[in-house]
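Have a look at the structure below, then the notes.
Values in this document were obtained by computation on a predicted structure and should not be read as measured data. So that the names make sense, note that chain A is the first sequence line, chain B the second, and so on, each numbered from 1.
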2 protein chains.
Amino acid sequence: MAQLSNVTPLFKDLAKIEHDRVACEDCSLYRLCLPLGLHSKDLIQLDKIITRSQTYKRAQPLFEANSKFTSLYIVRSGSFKTTISTNNGREQVTGFYFPGEFIGLDAIHQESYQSTAKSLESSSVCELPFDGLQELGKEMPQLQVQLLTRISKELAGDKSLMLLLGKKTAGEKLASFLLSLSKRFSERGFSAMDFQLSMSRSDIANHLGLAVETVSRVLSRFQEDGLITITSKSISLKDMDKLQLLCG
Amino acid sequence: MAQLSNVTPLFKDLAKIEHDRVACEDCSLYRLCLPLGLHSKDLIQLDKIITRSQTYKRAQPLFEANSKFTSLYIVRSGSFKTTISTNNGREQVTGFYFPGEFIGLDAIHQESYQSTAKSLESSSVCELPFDGLQELGKEMPQLQVQLLTRISKELAGDKSLMLLLGKKTAGEKLASFLLSLSKRFSERGFSAMDFQLSMSRSDIANHLGLAVETVSRVLSRFQEDGLITITSKSISLKDMDKLQLLCG
DNA sequence: ACAGATCATTGATCTGGATCATGGAAGATA
DNA sequence: TATCTTCCATGATCCAGATCAATGATCTGT
């Protein structure tokens, strides 16, 4: 079967870059991002404390667990995963992050990051030093509201994931996962039906509390049943209604 | 074997009440609660928007999923559980809440609660209307910081729970759960070794992604191995070091 | 104080998904 | 272009924990 031999990295060009100098106001992520709802003059203030990163190559860490917490990050292009570990080294993928999404929110309450964040492909971020953000927050309540809203949304997502991990079968897990990706992609102006999986099968398996082999098998089954077409990293959802039903 | 025939409800008297009129300043939960770090005059403002509830009896809902989101709640006495459900009615216990802890943070980003909260025993709460809180927040950045810190802490806890649900064995799950309760009780000035389980075995099982029978068996095994003593709702941790090791 | 309902414990059996094993495809490195 | 390594798919086997079943303990309401 023909494979796409040279897959374009996901979201690479979503934020039109000139990496290091694009004001929030001009960024194509604006409507998905933190600044939404801020006044233009506030936006300029915010802009001042943001650092736009250079490119992270695949698998490069954004921060490591237990390192000092200094900044929140917003994905600018590409994608990331976060993981936490047990003492004896078992690892759990706690989330995948796409453009406009925050990374590091779970560290705010303490001195150091509790997860490790790694890029899944060639990616970039906006760095928001937390001290600076708090300073700004004193004069810009709307910024605090935004932050609170975002973190609440992540919390809600994690509660749903608990339901998935605790109560769903392998098939339900995969169906839920694919539809959740689909939703996030379409919110970002991409096709809800056809997209690239920037993460490996084993990242998916780990995130959903499954073995890689199970993920492979279930995806193959979904394909046989005409629910999806999948070749390596490219997936196409053929029957979203049936997938929806399958979610449990 | 002798059972405690009439177990005193957990935490019933922690917040010395006179239910409806105890200023935050005088509340025994002060150091665990939201107001921590606020100036005295701010505290008075905060006090004004807080409603102190009457007693919720066992299994009484604090709010239901899909009802309109209006308020955050802080447990004042007793304890609560929150649950979410799949479309086809399977339920996941997403958290247990003790005095000084927030309920409803995952609803901030939307119009309605996404979970249902029910009391586990005779309990009471402080109700914080979210609109009022936001108004206050505009003049009291410290309040926003507190809120952000609390929600981040819950987020971090949920990430750890994902690790537990996805990667731990039944024994590791129970050991982690018991130690986590122990920690929270001792933070509240109670014994870290001896406490009451206000939730049923089936709530525990559900929360940890196990069957009730498994919870029973593992607890019995822990008892045989001298790690704990347990009679109905009363538990006593006999070997915290070994339990710690068992967490994985 | 009693009856019915719910909750907890323990044993017997079953199963979904893990683990083990293999071979092939696709990136990475040089 | 060859070699190494990681990733993915699929088959065979196994097991931790689910499910089924039965009994006793505890709670609730009257």
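Atoms CD (E121(B)) and P (dT28(D)) sit 12 Å apart, rounded to a whole Å. One interatomic measurement links the two molecules: CD1 of I204(B) to C1' of dA8(C), which rounds to 11 Å at whole-angstrom precision. For the pair K57(B) NZ and dT28(D) C1', the interatomic distance rounds to 13 Å; values are reported in whole Å. Between the CD atom of E172(B) and the P atom of dA16(D) there is a distance of 12 Å, rounded to whole Å. Computed from coordinates, the L219(B) CG to dG17(D) P distance equals 14 Å when rounded to whole Å. Straight-line distance from the CG atom of N206(B) to the P atom of dT6(C): 18 Å, rounded to whole Å. In this structure, L174(B) atom CG and dG17(D) atom P are separated by 11 Å, rounded to whole Å. Rounding to whole angstrom units, CD1 of residue I235(A) and P of dA9(D) are separated by 11 Å.
The closest side-chain donor-acceptor pair between S115(B) and T94(B), if any, does not fall under 3.5 angstrom.
Here the nucleotide nearest the side chain of R58(A), chosen from dT9(C), dC7(D), dC7(C), is dC7(D). For A211(A), the listed nucleotide lying nearest its side chain is dT19(C); candidates were dA9(D), dC7(C), dT19(C). Comparing dC8(D), dA8(C), dG27(C) against the side chain of S232(A) picks out dG27(C) as the nearest.
Distances shown here put every side-chain N or O of R217(A) at or beyond 4.0 Å from the OP1 or OP2 atom of dG17(C). Between T214(B) and dA18(D) there is a side-chain polar atom (N or O) within less than 4.0 angstrom of OP1 or OP2. Checking the phosphate oxygens (OP1, OP2) of dC7(C), no side-chain nitrogen or oxygen of K233(B) falls inside 4.0 Å. A sub-4.0 Å separation between OP1 or OP2 of dT10(C) and a side-chain N or O of S220(B) is present.
At a cut-off of 3.5 angstrom, counting only N and O atoms as typed in the model, there is a donor on one side and an acceptor on the other between the side-chain of E213(A) and the base of dC20(C). The base of dT10(C) does not come close enough to the side chain of R221(B) for any donor and acceptor atom to sit less than 3.5 Å apart.
Among the atoms of the strands shown, base atoms are found under 4.0 Å from some heavy atom of S216(B). Within the nucleic acid shown, G209(B) comes within 4.0 Å of sugar-phosphate atoms alone, with no base atom in reach, counting heavy atoms only.
F98(B) and F185(B) have their aromatic ring centers within a separation under 6.0 angstrom.
Aromatic ring pairs are classed by plane angle as parallel below 30°, tilted from 30° to 60° and perpendicular above 60°; the pair F63(B) and Y113(B) is parallel. The aromatic rings of Y56(B) and F80(B) stand perpendicular to each other, their planes meeting at an angle above 60°, with 30° marking the opposite boundary.
Two residues are said to be in side-chain contact when any heavy atoms from C-beta on lie closer than 4.5 Å; H207(A) and M199(A) fail this criterion.
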